[in-house]
Amino acid sequence: MATTTLPGEVVEAQHGNLKLGPGLLQLSDTQGASSIVSTRAGALKHSTNGSRWWVQSNSRRYVPAPQEYVVGMVIGKMGEGWRVDVGAAHAATLDGYAFEGATKRNKPNLKIDSLVYARVSLAHKDMDPELECFDSQTRKAEGFGELKGGFLVRCSLGMCRRLLDPEYFLLPLLGSMFPLETAIGMNGRVWVNTKSPKHTIAVARCIEAADHEDRSMDEAAVKKLLSTFDI
């Protein structure tokens, strides 16, 4: 059962390779001792091995955290890169070389309103977030990069985390009914691509209908909803 935490509460998170996600901040006092403090109200969560901790709340305002996946929209060009809206208080920056195999002669040609699937490489309260479109370990694209075609669905941050959970039924259920591609950002955005507009609409409607923490739909309810669509 998840523990509820409030802003200012100290969190007893310990691990040799500890990584903090949204809602947690590491502070140090004048003696050099450090502590981890919650910055928002919500459910305190951690990974199975206890190396990653975060506070989950059903907020729609995204706060970037390192290594999180996001779906962003290009809103401007800047030097060798772009400014990207990720739904946070400030736009993120995406360098033209932050793609697999990018060189001065071989760089993506992103346009305004282009969608990208990226990883947050830098997140600091005093700096604009920075994005990269390759895996931090392999340096390969691994699905990151420009998202062509498809449809963008906006939902709560909590819903995105549920969709990323391999045990959550929704996307496997939809995938068993028709082919679909998805890119799930932890910033409340889901890119959906199918072979038919009616399938895309069905996916978007199901995500929106299930996006209620207090009355979340179970598999039977989603199947009932799907039966009303012409798919």
Side-chain angles (χ1 to χ4, degrees), residues 22 58-64 68-77 82-89 91-92 94 98-100 108-120 129 131-135 141-213 215-219 221-231:
N58 209 27
S59 169
R60 290 185 180 269
R61 169 63 76 181
Y62 175 63
V63 178
E68 289 193 336
Y69 302 162
V70 295
V71 175
M73 179 180 290
V74 176
I75 58 174
K77 187 83 169 64
W82 300 269
R83 294 189 63 76
V84 181
D85 171 31
V86 294
L94 175 61
F99 294 79
E100 179 187 357
N109 185 26
L110 300 178
K111 306 294 186 183
I112 302 299
D113 294 335
S114 293
L115 296 177
V116 293
Y117 192 44
R119 175 179 55 82
V120 179
L131 307 178
E132 291 178 344
C133 286
F134 53 74
D135 185 87
E142 304 288 1
F144 294 115
E146 184 178 5
L147 299 171
K148 298 180 180 180
F151 181 75
L152 184 65
V153 181
R154 299 176 188 270
C155 59
S156 69
L157 305 186
M159 185 63 196
C160 280
R161 292 189 182 276
R162 289 202 294 275
L163 291 173
L164 286 166
D165 183 351
E167 300 298 321
Y168 189 59
F169 70 89
L170 185 56
L171 291 181
L173 172 63
L174 294 169
S176 69
M177 302 180 71
F178 47 79
L180 77 155
E181 289 181 276
T182 61
I184 305 167
M186 300 178 78
N187 58 329
R189 297 176 182 178
V190 181
W191 175 80
V192 178
N193 191 28
T194 70
K195 295 181 178 179
S196 168
K198 62 183 180 182
H199 291 161
T200 300
I201 292 172
V203 175
R205 291 282 177 82
C206 286
I207 292 175
E208 291 167 356
D211 190 14
H212 295 281
E213 199 164 274
R215 51 186 180 87
S216 182
M217 301 177 72
D218 59 14
E219 187 169 350
V222 171
K223 287 181 176 179
K224 184 176 180 181
L225 175 63
L226 285 168
S227 68
T228 65
F229 299 142
D230 180 23
I231 57 174

| Non-neighbouring partners of Lys77 that pass side chain to side chain contact (heavy atoms under 4.5 Å, CB included), sequence neighbours left out | Trp82
| ring-ring contact (aromatic ring centres under 6.0 Å, His included) against Phe144, all qualifying residues, sequence neighbours excluded |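 Per chain and number, Phe144 pairs via ring-ring contact (aromatic ring centres under 6.0 Å, His included) with Tyr69, Tyr117.
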| Non-neighbouring partners of Phe229 that pass ring-ring contact (aromatic ring centres under 6.0 Å, His included), sequence neighbours left out | none
Specify the closest pair of heavy atoms between [X] and [Y], including all atoms of both residues, with the distance to one decimal.
{"X": "Ala92", "Y": "Leu131", "answer": "CB-CG, 3.7 Å"}
{"X": "Val190", "Y": "Cys160", "answer": "CG2-SG, 4.1 Å"}
{"X": "Leu157", "Y": "Met186", "answer": "CD2-O, 3.7 Å"}
{"X": "Pro129", "Y": "Pro64", "answer": "CG-CG, 3.7 Å"}
{"X": "Gly149", "Y": "Trp191", "answer": "O-NE1, 2.9 Å"}

| Quick one: are Ile184 and Leu171 in side-chain contact, heavy atoms under 4.5 Å? |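 When only atoms from C-beta onward are counted, Leu171 and Ile184 do touch, with a gap below 4.5 Å.
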| Just wondering, do Val84 and Leu110 contact through their side chains at under 4.5 Å, heavy atoms? | no
| request: Would you list the pairs meeting salt bridge (charged side-chain N to carboxylate O under 4.0 Å, His left out) in which at least one residue belongs to residues 169-194, sequence neighbours left out? | output: Asp85-Arg189
| request: Not counting sequence neighbours, list each pair that qualifies as a side-chain hydrogen bond (donor to acceptor under 3.5 Å, both in side chains) and has a residue in residues 197-210. | output: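 Applying side-chain hydrogen bond (donor to acceptor under 3.5 Å, both in side chains) to every pair that reaches into residues 197-210, excluding sequence neighbours, yields Thr194-Thr200.
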| query | In chain order, what residues pass the salt bridge (Lys or Arg N to Asp or Glu O under 4.0 Å) check against Glu132, with sequence neighbours excluded? | reply | Arg119
| When you look at Glu146 and Lys111, which way does the salt bridge (Lys or Arg N to Asp or Glu O under 4.0 Å) test go after all the steps? | CA-CA 10 Å; Glu146 184 178 5; Lys111 306 294 186 183; over 6 Å; no
